[in-house]
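In what follows, chains are A, B, ... by sequence order, proteins preceding strands, each numbered from 1.
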Amino acid sequence: MRKFIDSLSSVWMQIAIWFVLLLPLMIGLGLVVKSMPLLQENSLIGILSSSTWSPMRGDFGFLPFIISTILVTIIATAISLPLCLLSAIHLTQYAPKWLLGFMHSVIDILAGIPSVVYGVWGILVIVPFVGDNLAPFFNAESSGYSILAGALVLAVMTIPYVLNMLIEVFNNIAVEYKEASLSLGATYWETIKFVVLKKGLSGILSAFGLGISKALGETIAVLMVVGNVVQFPKSVFDAGYPLPALIANNYGEMMSIPFYDSALMLAALLLFIIVIFFNVAARYLIQKTTVTQ
Amino acid sequence: MESAIVIKNLKVSSKEKLILKGINIEIPKNKLTVLLGPSGCGKTTLFKCLNRLTDLYPELKVEGSVFIGEDDIFHPKQNVTDLRQKMGLLNQKPYPLPMSIFKNVAYGLKLKGVKDKKILAEKVAVYLKQAALWDEVKDRLDDSATKLSIGQQQRLCLARGLATSPEILLADEPTSALDPISSKAIEEKFLELKENYTVIVVTHILRQAKRLADHVIFMYDGQVIEQGSPKELFENPQTETLKKYIQVGY
């Protein structure tokens, strides 16, 4: 009887693992099947490289959405990643312990704020700031609802996740590595640069990967401030229309238009593939750095 | 007898307790000194004071002075990085830096400003040979240091420490994580190195102290109880604490 229960328990665990493994596969497969009707009518390359979006006429050009998604993500991460890295280094290597404890609660609060609240804050603070201050400073015209506003809100939203993980990474590096480096005559900064950052490199990369994935998928807050205009943004002060916003704004409406739902499914599939691509790239880099350490 | 290190009234306290209660000792030059005592007696803390790694532990409060030659390492205006290069450090467990075998040994040299690749290569070979590791790694110097066995890693750490041409070698229970063969290799190395270096070894193993020491400092509960030659201490202990330690080991 005990043997039977023993074998049964491992079977359950295997089923659980397979279920988790199959989930992304099933989601991906579902998206592929659903986007097939559009792909049978138009070539994938054509859809990806066209910038004409006119569903009523059957034109589904995804380029503006892809460009917006990438721009918002790149700018957001370019703002948040260095900010997080520097804060994490300071908090774990220089700051007194109480500050780290205090920051943990700040991070928890930031992470707990609902997306829609960030969106409202973006509309009230960031959009006017971009429209009235930043754009004039760079001699540009902007309503404020722009790629930059989306990126700024997004940057703030990714901070708690990336920062939290980076703090974890740096705290896990044994103090003996620092002792070794200092005892060899390195200054404290040299020790951080040559030993702490290097020792934590794979962790830093996964934190960045997490941040980018998070930024790519964030929907509501970005949709509220980014403007949602289908166009090829000429500057960061122009409005954009990222893929998640496209899906969220239109799914459920206008389903009578032929191929519309199929097009939105393709948008979801694209997003899915982009996120997977970044994850795999991050994994690959992590693998590579752990091998060379 | 010339002293390499002179410690004067050194007190270290954390928030909860006084860890070192006023240490006054002199470490003889070019001899092997063993710091002996049970776990928790303050040996490691004393050790961290010698090259001021106490800086990494803001919760510790340090008073008193540690003279390395003429220089007090705790003097606020002291150039700590230079003084630290005078001391090689070997920890309980090896902590190879996250880089290749070659770069681990070259690290201290590069910090000293050695940039010439040929000189670096020569010196790395010299110190790896001194640490008795050269033959095992000469064909894979660019491999990650973490690929070595623990015993090899510890010898790599020794080579790395020797590379800054220190005057003093500090070893904190350097064999406690090693197998008997690697331990023997390290011990033999120390006996060889004391010709040219002042070696200080922390241990709680009585037999190791007997095997290695020219001079023994016995610590208990944050204080130096007795010090002298191993013969004096082990054959004729003056205090009850040391007598008990020799008999039962704590």
B:Lys123 atom NZ, neighbour heavy-atom count above 12 within 6.0 Å: no
Contact leader toward chain B among A:Glu179, A:Lys97, A:Gln93, where contacts are heavy-atom pairs under 4.5 Å: A:Glu179
Applying the side-chain contact (heavy atoms from CB on, under 4.5 Å) criterion to A:Ser183, which one of B:Leu170, B:Leu90, B:Leu89 satisfies it? B:Leu89
For A:Phe194 against B:Met99, the heavy-atom pair lying closest together: O-CE, 3.7 Å
Give me the atom names and distance for the closest heavy-atom approach of A:Ala180 to B:Tyr95. CB-O, 4.3 Å
With a 6.0 Å cut-off (strictly less than), is the heavy-atom count around NZ of B:Lys194, excluding the residue itself, greater than 12? yes
With a 6.0 Å cut-off (strictly less than), is the heavy-atom count around CZ of A:Phe277, excluding the residue itself, greater than 12? no
Quick check for you: to the nearest 0.5 Å, what is the distance between B:Thr81 atom OG1 and A:Tyr188 atom OH? 15.0 Å
Sort by residue number and list every residue of residues 32-55 of chain B having at least one heavy atom under 4.5 Å from chain A. B:Lys48, B:Asn51, B:Leu53
Measuring from A:Lys178:NZ to B:Leu97:CG, what's the distance to the nearest 0.5 Å? 13.5 Å
Does B:Arg140 have more than 12 heavy atoms from other residues, nucleotides or ligands lying within 6.0 Å of its CZ? yes
A:Val195 and B:Pro98: which non-hydrogen atoms are nearest, and at how many Å? O-CG, 3.6 Å
Would the number of heavy atoms belonging to other residues, nucleotides or ligands and lying under 6.0 Å from CZ of A:Phe19 be above 12? no
To the nearest 0.5 Å, tell me how far A:Leu184 CG sits from B:Lys112 NZ. 10.5 Å
Count the heavy atoms belonging to other residues, nucleotides or ligands that lie under 6.0 Å from NZ of A:Lys193, then report whether that count exceeds 12. yes
Would you name the heavy atoms of B:Tyr107 and A:Thr191 that are closest together and state the gap between them? OH-CA, 4.2 Å
